[in-house]
Structures are given as structure tokens and as C-alpha cells.
Amino acid sequence: MYRYDEFDHQFVQERTAQFRDQANRRLSGALTEDEFRPLRLMNGLYLQLHAYMLRVAIPYGTLSSKQMRQLAYIADKWDRGYGHFTTRQNIQYNWIKLEDTADILAALAEVEMHAIQTSGNCIRNVTTDHWAGAAADEIADPRPVGELLRQWSSLHPEFSYLPRKFKIAVTGAPNDRAAVKVHDIGLRLHRNDAGAIGWEVMVGGGQGRTPMIAVTVRDFLPERELVAYIEAIMRVYNLYGRRDNKFKARIKILVHEIGAEKFKAEVEAEYARRPEQTTHVEEKELQRIAAYFAPPAFEKLSRFSPAFEEAKLLHPGFARWARNNLAAHRVDGYTIVNISLKPEGGIPGDATSDQMRLMAELAERYSHDELRVSHPQNIILPHVKKDDALAIWQALVPAELATANYGLAGDIIACPGMDYCSLATARSIPISQAISRKFADLDVQEKIGPVKINISGCINACGHHHVGHIGILGLDKKGEEFYQITLGGSSAENASIGSILGPGFAGHEVADAIEKILTTYVKLRQPGEEFLYAYRRLGPQPFKEALYAAA
Amino acid sequence: MSEVEKGQVMTANRLRDGEVVFLTRSGEWNEKIDEAVLALEPQATAALEARANEDVKATLVTGSYLFDAERVGGKIRALHMRERIRTLGPTVRLDLGKQAEGTGGAFAFKEA
Amino acid sequence: MPLLKNNAFITDSWLHLGAEDALPEGGNVTIPFSRLKNEWESLAKFPGQLGAVLSNTDHAEDVAHFLPHLALVVLPFPAFVDGRAYSIARQIRLLGYRGELRATGNILPDQFQYMTQVGFSSFEVSERFPLQSWQQASKQMSLAYQRGLYRRVGEAEVWSERHADTAPEPTPWEEQPHAG
Ligand code: HEM
Ligand code: SF4
């Protein structure tokens, strides 16, 4: 894991002091709210429905046990004993006081964390594959580049007042778990025939009210050119992105309006203007960072773990959890543990401080002191010996953290919606709770197989509804909440935007509708065909009939 | 049946801690909606707005606005779900927010 | 409006002409960029110093041709959240411009350090903020991760410091003592 050196420490400390001063000036009236808002947002502080909300960055989703414990401490001391893990590898606290915020930032700085640029029209927390460094299909660990970009984007003087927010995601594996094609910039690692590493650079993806899939502007950019090239993209966006209408201000609109070819030409022209010699230091820096991400000292184990196999025979509950929540690790004898933050009827992504401390302890004992926050709002122990899986499961069960639904219908992504969010047009959490209760029977979930159900409480799409296999969007119809269903979205390497199926539903009808859709799928699927592929083969018609024909 | 009056309530967030507050008859900000003034005619809403703007300038509160509400049996309730959630707390965490702190007012969300 | 330069409020020695105003005999004058382009043939013979007032939709490469003849470039921030001028400033500095680069419009102490880092050297600011608020704002962050920025004594670029052994020749404009 990356560790701060004296520069990084000094940087976040100065930044915290700067924010303390800004907050004091606001409280004294020296700054107006209009002047203060962008400043607090650039430190992750929103004003939400009930109070201030603080969004803390978990860069590229990686956390140590100590950091997770500090998040729990913050939840207890300054919030209400819990936090919400988000799809962008952040954690949000919902009951924060402005007058406490600088102290919280100082507590974060103690454990090498911050809330810098988790909001505002600047470059946001860089996200990546939550299985980075552990996944069996990975070409190389993308996190060094994530850290490089974290540093480079922090308080970038040129790119702190962009037309709109800017999100970068990085993946080092062919199976995209980081949704890179729906980010402003998506980076995907490739290895060429000569064995060299290069990055595919994709630009202009995004969700919100105009969802778009990113276009590739470079197929194979040498690693040492990444920072300079991204700066060229940012400059073109900063200069030409629209500022007249905030709904048209994301880079995707610029790419779309001037066309991918013209956009690419602008970027290449800007890149060509750059002084060449800037790359050596970046290259050195990347090497320095990469050393921190050297794999932990794995033991040499056999692929087959008798203890693990025996435990599965003894405990059917464990066997099910092992089947659904463990993933292939690149090292023999190890596994990736996916802890579901989606208990039946629970609030997706929420964890209490006690749960955080338990997960921290398990990571310390069994996972080389490392945890990950995943984009589908779960927590991951990346490096676990198969031999230890049973002990972990047994510790998770009493904490309601052992739900065996990873990647299944109960593993729902949901934004906070109207229960917390001031922009919402409808609630999203109660919908996810109703669906999760409807599919409480894990046998049923397993029979249905992998499916992504994503729920947003408004068109901003924080709950990724556009790219859910099944997406649910909460809207307001004459003062009543109602919900639109889309099918066929995906945020993976086969990315696509879902299509609206038909008229929307009242809140209490949604879970039934989802059940009908999934029953129809089970009836019509071919052997082994996952929901997304069945939908792509069948089209919307059978699902429309199931939902609307009878009425 | 008790009389129902419809009108508007002025709300904002207290600047220093973000707490949701409502403007009362005495021109103070209070955490309970039941203490709020329900403005029934334009003159009254204009007075609330003037008062709120002053307090925004004085950095007591921020983000003030009026919302539609009704008085039923002497108690005030927001008309729209969003404002109800603001006056009570999250519908999915009845243990949190004003509803749990006894400042939510007379109306409540039911257990799901 | 006070003009902030080299940590002090000074009086503006420039005359700012509009699109139609007659040229004086000499002295320091700024001209809107569109007029500068159109009337360059006669302006090139102006005996005093020339400056250009850009808008933040002007392209740096269009300005490039005139830069060697300019002693002042003025770039506006119509709103403090409109960040286009940061990029134009960097482009103009990358084109080799060494003269005064002035920020006007909606400028707050909280953006001041970013502006100096991208190469602004003078600032038309509001009376609302006393000199000391600018001096304080300019000292808040002593480190930057980005390279190739303008900096002042006591400010460092983290990556260059970490790799001082391999850092290439500094770009020429880094050596400039910083104003502001
Ligand atoms: C509660 C406070 C939140 C506010 C005010 C908020 C605001 C917004 C807005 C305005 C957009 C649309 C941006 C655009 O289209 O230009 C957006 C998009 C998004 N937000 Fe949030 N959000 C909040 C919470 C969250 C949470 C909890 C998550 C994660 C679960 C999240 C993740 C995202 C993602 C992934 C997108 C779509 C990506 C994209 O814009 O392309 N946000 N948010
Ligand atoms: S999708 Fe809408 S309701 Fe949900 S968190 Fe984002 S802004 Fe709020």
C-alpha cells in the first residue's frame, strides 16, 4: 500500500489548515455562501437534506485496517455511528457539523487520508478495480497509476475550476470492474506482443441526464506519457467545455458536439505543443510509487485447500457464501473475499462503526492488513488464504456481514435518494429494501444468477441506473414518487446504456415488476445464459408483455 | 373533523451545524416544525422572506426557502415528501433525525 | 480597483483604451485584442508600450504572433468559477511570454495562489479584501505536485524535490522571481 512521505503529510496538513481558515471566515461572515460553496465542495463538504455531508476519498478504493478504524472513529465521534460507502470508492457521513469539519479532516490526515476534491468542478477521486493486485485476470496492478494521478490532480492550479466535475477510472484487467467506459476519462491497461505496457485512453463517458459510452482517443499510450497526455485532454476541456449550461458542461457533451475526430485532433495538437522533457520525473515517480504496491509476502500454498473443502461440506451456509462471495485470486491457495454490505432489507453501502472495526480486524489478521471499497458498494478482503475463509465467515455471520448474495439480485446499488439527498426526486433505499426482501430466498437468487440491479433517486444517476442490467430511476410525477425501469445496461467491458421498458411504476409496485422481469428471464433463457445476454438476444418485447400485457 | 389550513413555512439550515430550522412567530429559528409560522397570505410570506434574507446575511442560517405545508388539528405538516423527510429524518432510519430526537413534530413515518 | 503586484497595492500606469478610443502620443496603453489584430499595421509603430486585453474565449495561438511586442496581457475572470483563463495563462507562458500577465474580474484570495502558479503576475482586485488577506492567501500551500508552475521562495514542487537527481533543466520561466 502507498504510504505518505513527509511531502504528502505536509501537503494534507497545509490543506486542512487552509480549510479551517476558510470555514472560520465563512462563520465570521467574511465569505458569502456563494464564495464558500465551491471551497467547501472541494473538500467534500455538501449541504444535504438533514445537515452537512462529508465525502471522504478512499483513493483507488484501498484502505488499511488503521484507516478503516479511523473511519469508524469519525463515525462515532462526529456522526451517528455509521457511514455510507459509495460507487465511487468514497465514504459519506450524513450528519456533519461545519464547525467540526476541520477537526475531522485533521483526524483523516493522521491516517493519510483526506477529502480533497471529492466534490466540486475539479478532478475527483480516481477509482479503479477493487480487485486490483489480487484478481486472477489482471495484467498489472493499476493502483500506482491511480496514486500518480491522485497526486497530480490534487489542487491542480489549472484544473480546479473546470466547467464541471471530472472523473477518472483506471483498470488493469480485461474484465472491467471499474466502469471505465462511463467515466470522463477511462484508462485500460494493455500489454503488446513485445510485452510492453501501454494504456488505452477513453474519453467522454458519463451518466447523469445524458448517458454516454466513452470513445477511445489513444489505443496504446506509453505509461510515461500519461500525465502529459491527460493534461492535454484537460486543457482542451477546460478551454472549450461548455459553461453556459451546467447540464451540458461535462466533457462527454464536448466530445459529442464537436465529434470524436475533431476532439482527438484538438488534444493531439495541444499535446504536440507541450515541452517534451517533463516525462522523466513522472516516470521516476511512478517507479517510486509502484514499489509500495509490491505484492505482499504470499506463502507458497497448494491450490487445493483440504480445510476449505471440508468446511464447505460441514457448513452449507459457508458453502453457499464461498460459492457466491469468493473470487479467484492470482496466487494459489488464496482467495478474494467479497463482504456484502447488502443484508436482506438493509441499506446498500451502509456500515456501522462496529462493522467497520470488525472488518478492519479481519483484514489485519487474514488479509495482509488491506481492505477495498468496491464500486458496487461492498467491502473486499483482497488477499485471504483459503484456509482462513471459514474463520472469516464465522466472524461475519453475527455482524450481519455474511449475506451470500455477491453479484446476485440482492446485491443492489442504490444512491441515498430522497432519504438523504437534497437533489432527489424520489427515494431509492426503500425500493432496494423491498426488492431485497422479495428475493430474500438465496436459492431463488442463485437460480436467477448474476444480475445487476441499480437504483438512482434522480436523473443524476449516482446509483448507476443507466448501466444496471436492470436500472430503476426514481422520478416525481405530480408530487408522487414513481419509478422508471430500464433494461440492458452494463458498465463492464461490454458497456451499454439501458433502454426504458415502458411506463413507470408506483413505489410499492416496483419489486413485483422486477420479479416479473426476472421470472420471464428464467423462463426464456438458454442454459447458462446470464440476464444481460438473454436480454440482448430477446429484446424488450417478452419483458414488456410480462409487465404490461395483463393490465 | 378539524380544520385544515394551507400555507407556507420558511426553512433553512443553521450555518454552523447544518441543522434544519424553521422560522417562528417571534422571528427566531427553531428546530421543530410545530413552532413554525404558517404563512397564509402573500404579505406574511414576504415578511418571512425578508427576515430570512437578513439572517442569511448575518450568517446565522444558509439556503433559506419556503415550502408548502398545512396545519391539521393545530399541528403543521409539510405537503411534499421531500420536506417531510427534512422535518422528520430518513424514512429508512426511524432512529435518526428529528423524529428520533423528539423535535419532529406531531406527524411521523410508519415502520416499513 | 486596487492593483496588486509584488505584494503591494500600486497605481496602474496603463491607459486602457476601448475599441474606438483615440491613441495617445505615447505611454503605456492596452488595446482590446480584436482591435489589436485589425489595426496592427498602424499599432506596430506606436512609440510607447503596448498591452492586449484578451477575453477568455480568445485562443493563445492567435495571440502568439503579437506576444513579443507586448508588455502586458490582461485576462479576465468573468466569474471566479470560470477557469478558462488559467489554461490560457499557462499557454501564453509556454509560448515564451515573459511580460506582465494581469488577472481582472472576479478574483478572490482563495484562488490567488492558483493564479500565481499558472503565471499571473498582477491582479486587479476588489476593495473588499485588505492587502494582508492576499499575503496570507498566497502562503497557505507551500507544496504543489504539478511541475512547471510558477513559484516563489519557499514553494516547492513535490515531484521535482523527490527526484532532484533526475530532474531535467528547469523550464526557463521557472527562474523568474514571482510577483503577486
Ligand atoms: C448525496 C449527495 C450527492 C449529490 C448532491 C450528488 C450529485 C450528483 C450530481 C449532480 C450528478 C450528475 C452530474 C452530471 O451529470 O454532471 C452526480 C452523478 C454521479 N454521482 Fe452523485 N451525488 C451524491 C451522492 C452520490 C453517491 C452516494 C454516489 C455513489 C453511490 C454518487 C456517485 C455518482 C456517480 C457514479 C455519478 C454518475 C457519474 C457521472 O456523473 O457521469 N453520488 N451526482
Ligand atoms: S442520483 Fe440523485 S438522488 Fe441519488 S444521490 Fe445522486 S443526486 Fe441524489
Side-chain angles (χ1 to χ4, degrees), chain A residues 5-8 10-11 14-15 17-19 21-22 25 30-31 34-39 42 120-122 148 150-163 227-228 231 234-241 243 269-270 273-285 287-288, chain C residues 56-61 77-91 94-95 106 108-111 113-120 128-129 133 136-137 139-150 156-172:
Chain A
D5 68 359
E6 75 258 44
F7 293 111
D8 300 312
Q10 192 184 336
F11 186 86
E14 287 179 1
R15 178 59 166 170
Q18 187 181 36
F19 181 79
D21 170 61
Q22 289 166 344
R25 280 189 287 139
L31 285 175
D34 281 346
E35 289 164 354
F36 181 57
R37 188 182 304 109
L39 303 177
M42 272 183 237
N121 294 335
C122 48
L148 186 80
R150 180 192 75 81
Q151 295 185 19
W152 159 78
S153 63
S154 292
L155 273 52
H156 199 301
E158 189 181 345
F159 306 129
S160 287
Y161 292 92
L162 297 168
V227 169
E231 265 195 17
M234 299 308 303
R235 186 167 296 158
V236 168
Y237 172 55
N238 192 35
L239 287 170
Y240 306 125
R243 291 177 189 262
E270 183 55 45
R273 276 184 217 122
R274 299 187 59 84
E276 181 76 47
Q277 74 274 34
T278 58
T279 54
H280 296 289
V281 168
E282 281 76 1
E283 208 175 349
K284 278 273 182 183
E285 178 60 17
Q287 285 164 8
R288 186 190 74 89
Chain C
N56 69 2
T57 50
D58 282 323
H59 297 264
E61 65 225 69
F77 287 84
F80 73 89
V81 290
D82 184 341
R84 278 176 277 204
Y86 293 102
S87 284
I88 301 173
R90 275 200 108 181
Q91 287 179 316
L94 283 171
L95 286 165
N106 195 346
L108 302 174
D110 297 284
Q111 284 83 42
Q113 198 164 15
Y114 288 157
M115 291 184 187
T116 61
Q117 286 174 328
V118 298
F120 283 102
R128 232 182 98 196
F129 304 105
S133 65
Q136 198 188 336
K139 279 192 268 192
Q140 287 185 331
M141 297 298 300
S142 65
L143 295 172
Y145 287 103
Q146 302 77 21
R147 304 198 320 116
L149 303 179
Y150 263 61
E157 287 172 355
V158 176
W159 290 359
S160 305
E161 295 295 317
R162 278 183 185 147
H163 307 287
D165 50 332
T166 43
E169 297 294 293
T171 42

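Order of the sequence lines fixes the chain letters, A, B, ..., with proteins taken first and strands second; residue numbering starts at 1 for each chain.
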Exercise. Quick one: do the E158(A) and N238(A) side chains pair a donor with an acceptor below 3.5 Å?
Worked result: no

Exercise. So what's closer than 4.5 Å to chain A heavy atoms on L143(C): side chain, backbone, both or neither?
Worked result: both

For this session: Output the option from L95(C), V158(C), V81(C) having the highest count of non-hydrogen pairs under 4.5 Å with chain A.
Result: V81(C)

Problem set entry | Which portion of N121(A) sits near chain C, non-hydrogen atoms under 4.5 angstrom | neither

Exercise. What residue, out of Q151(A), R25(A), Q18(A), has the most heavy-atom pairs lying under 4.5 Å from chain C?
Worked result: Q151(A)

Problem set entry | Contact class of L239(A) relative to chain C, heavy atoms under 4.5 angstrom | both

Exercise. Can you say whether R15(A) sits under 4.5 Å from chain C via the side chain, the backbone, both, or neither, judging by heavy atoms?
Worked result: both

Problem set entry | Working for side chain to side chain contact (heavy atoms under 4.5 Å, CB included), residues F77(C) and D82(C) | CA-CA 6 Å; F77(C) 287 84; D82(C) 184 341; 5.9 Å; no

Exercise. Which atoms of Q22(A) come close to chain C, meaning under 4.5 Å heavy atom to heavy atom: side chain ones, backbone ones, both, or neither?
Worked result: side chain

For this session: Sort out for me which of E161(C), Q113(C), R84(C), R128(C) touches chain A most, counting heavy-atom pairs under 4.5 Å.
Result: R84(C)

Problem set entry | E285(A) and W152(A) side chains, donor-acceptor separation under 3.5 Å | no

Exercise. In terms of side-chain heavy atoms, does H59(C) have a donor or acceptor partner in Q91(C) at a distance below 3.5 Å?
Worked result: no

For this session: Could you please spell out the steps behind the side chain to side chain contact (heavy atoms under 4.5 Å, CB included) verdict for S160(A) and Y114(C)?
Result: CA-CA 9 Å; S160(A) 287; Y114(C) 288 157; 3.5 Å; yes

Problem set entry | Which atoms of S133(C) approach chain A - backbone, side chain, both or neither, heavy atom under 4.5 Å | neither

Problem set entry | Contact origin within I88(C) toward chain A - heavy atom pairs under 4.5 Å | both

Exercise. Highest number of heavy-atom pairs under 4.5 Å with chain A: which of Q111(C), Q136(C), R162(C)?
Worked result: R162(C)

For this session: Examine Y145(C) together with F11(A) and report whether their ring centres are nearer than 6.0 Å.
Result: yes

Problem set entry | Contacting region of D8(A) [heavy-atom separation from chain C under 4.5 Å] | both

Exercise. Is there a side-chain contact between R90(C) and R235(A) (heavy atoms, below 4.5 Å)?
Worked result: yes

Seminar exercise, completed: Scanning both residues in full, the closest heavy-atom pair of Y86(C) with P157(A) reads CD2-O, 3.5 Å

